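Nothing here was measured: the structure is a model prediction, and the numbers come from that model.
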2 protein chains.
Amino acid sequence: MKMSGGVEWALHCAVVLSAADRPVPAVRLAELHDVSSSYLAKQLQALSRAGLIRAAQGHAGGYELARPADGITVLDVVEAVDGAQPAFTCTEIRQRGPLATPPEACLRPCPIARTMSVADQAWRAALRAVTVADLAQEVTGDNTDAFTVLRGWLTA
Amino acid sequence: MKMSGGVEWALHCAVVLSAADRPVPAVRLAELHDVSSSYLAKQLQALSRAGLIRAAQGHAGGYELARPADGITVLDVVEAVDGAQPAFTCTEIRQRGPLATPPEACLRPCPIARTMSVADQAWRAALRAVTVADLAQEVTGDNTDAFTVLRGWLTA
DNA sequence: CTTGACTCGGACACAATGAGTCCGAGTAGA
DNA sequence: TCTACTCGGACTCATTGTGTCCGAGTCAAG
Ligand code: FES
Ligand code: FES
């Protein structure tokens with residue numbers, strides 16, 4: 001039950017990108033957070049594959065959000081980086097062993113798997129309810145000038 | 001975001017133990033599910049350390065539930081086997097880099113970490129709402145004689 | 001148009017965690 | 001007393017995540 005550590009980086013990068021008005025290179029984002037630029041590139045590639053951010057190559061290229069910030073949920077970023085598969089996977093062990101449940105009684109999923117699925121859906125719903133725009137709003141809620149400072153540092 | 005595969009085994013074992021009226025050895029549970037007895041022993045040890053099941057050694061020993069089945073939640077088993085630490089861990093990268101947020105502005109946790117925490121709590125709440133007794137009830141809801149068959153096989 | 005430098009993209013090693021196995025200490029019964 | 005059976009922790013191997021690297025492609029400037 002351990003989530004990829006790059007999720008934190010990706011989410012912070014998404015919030016930062018929502019404040020930028022032009023493409024930002026991966027190296028710039030890396031030194032902004034003081035993390036490995038090579039590894040951050042991998043996370044950004046994952047986001048790019050998922051269609052959340054758009055990559056521009058060549059001189060003055062970089063990454064920018066592909067959609068408005070209020071159209072990208074936290075769940076989107078998490079699933080892009082960490083994988084969309086549910087944490088719990090049922091192996092159907094109830095159909096194995098001497099007292100195996102007959103297949104005709106397994107029309108519905110195992111109660112245990114159902115419980116896990118419900119919990120997983122609740123988790124996903126909580127993440128889907130928050131967008132990148134909400135996060136940016138909450139970050140810059142107290143100090144609104146940090147927004148402009150950040151934008152200036154990105155373009156410099 | 002991958003949960004330990006032994007969680008499924010441990011939960012099924014907990015349901016089975018709720019039907020037993022005497023200690024059941026780990027080997028018996030292993031051949032019942034057709035899984036590695038050595039590895040299942042590790043999961044049962046974790047449950048024992050967490051105080052969910054009680055171990056009896058020696059001849060005619062084995063495992064039995066330490067509490068009534070309706071007092072053991074699914075979350076208890078999951079945390080015992082997979083660890084109680086939350087999946088997302090904040091590294092406080094906002095306090096690093098050239099535009100680091102000053103510590104006096106970090107009195108409250110990062111909005112991203114807060115969102116993750118809310119989602120984690122929702123997940124845990126969903127798992128805490130279901131007990132082992134509920135699972136057993138749901139399993140034996142349709143075919144009530146399977147309960148007695150299982151109990152007979154355990155004592156044999 | 002040429003050149004150049006800058007960007008992403010995927011392919012390549014290393015390390016940590018989980019999966020699986022094993023044998024010894026301890027105990028209840030015969 | 002003796003035996004046989006049980007758990008408990010220590011050990012090894014495989015898988016996945018972490019971190020790094022260099023080449024293909026591209027845009028801007030001169
Ligand atoms: S058989 Fe997979 S959870 Fe019950
Ligand atoms: S600093 Fe850890 S989630 Fe924002």
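Under the 4.5 Å side-chain heavy-atom criterion for grouping Ile, Leu, Val, Met, Phe, Trp and Tyr, Phe147(B) is not connected to Leu135(B) through any hydrophobic cluster.
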For residues 84-93 of chain A, please give each side-chain donor-acceptor pair under 3.5 Å, one per line with the distance, not counting sequence neighbours.
from, atom 1, to, atom 2, distance (Å)
Thr91(A), OG1, Glu8(B), OE1, 2.6
Glu92(A), OE1, Arg94(A), NE, 2.9
Glu92(A), OE1, Gln95(A), NE2, 3.3

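Note on Ser38(B): a base of the nucleic acid sits closer than 4.0 angstrom, heavy atoms only. Looking at heavy-atom distances under 4.0 Å, Ala55(A) makes contact with sugar-phosphate atoms alone, never a base. Here Gly6(A) lies out of heavy-atom contact (under 4.0 Å) with every strand.
Nearer to the 5' terminus of DNA chain C, by closest-nucleotide assignment, is the contact made by Gly61(A) (compared with the other of Trp9(B) and Gly61(A)). Nearest-nucleotide assignment on DNA chain D puts the 5′-proximal partner with Gly62(B), out of Gly62(B) and Gln85(A).
Annotation: the span from Thr148(A) atom OG1 to Arg151(A) atom CZ amounts to 8.5 Å, rounded to 0.5 Å.
Along DNA chain D, read 5' to 3', the first and last nucleotides having any atom under 4.0 Å from a heavy atom of chain A are dT18(D) to dA28(D).
Inter-residue side-chain proximity for Val24(B) and Leu17(B) is flagged as met; some heavy-atom pair is nearer than 4.5 Å. Contact check for Arg108(B) versus Arg114(B): side-chain heavy atoms found under the 4.5 Å cut-off. Within the 4.5 Å cutoff, side-chain heavy atoms of Met116(A) are placed close to those of Leu127(B). Using a 4.5 Å heavy-atom cutoff, the side chains of Val130(A) and Thr73(A) are not in contact.
Distance CG (Leu40(B)) to P (dT21(C)): 12 Å, rounded to an integer number of Å. Between Lys2(A) atom NZ and dT17(C) atom P the separation is 9 Å, expressed in whole Å.
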Show your reasoning for whether side-chain hydrogen bond (donor to acceptor under 3.5 Å, both in side chains) applies to Ser117(A) and Asp120(A).
CA-CA 5 Å; Ser117(A) 179; Asp120(A) 203 72; over 6 Å; no
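In this structure, Ser36(B) reaches the dT21(C) phosphate: one of its side-chain N or O atoms is under 4.0 Å from OP1 or OP2. Within the structure, a side-chain polar atom (N or O) of Tyr39(B) is placed less than 4.0 Å from OP1 or OP2 of dA19(C).
The stretch residues 41-52 of chain A touches DNA chain D through Lys42(A), each having a heavy atom under 4.0 angstrom from the strand.
In Arg67(A), the CZ atom is crowded: over 12 heavy atoms of neighbouring residues, nucleotides or ligands sit closer than 6.0 Å.
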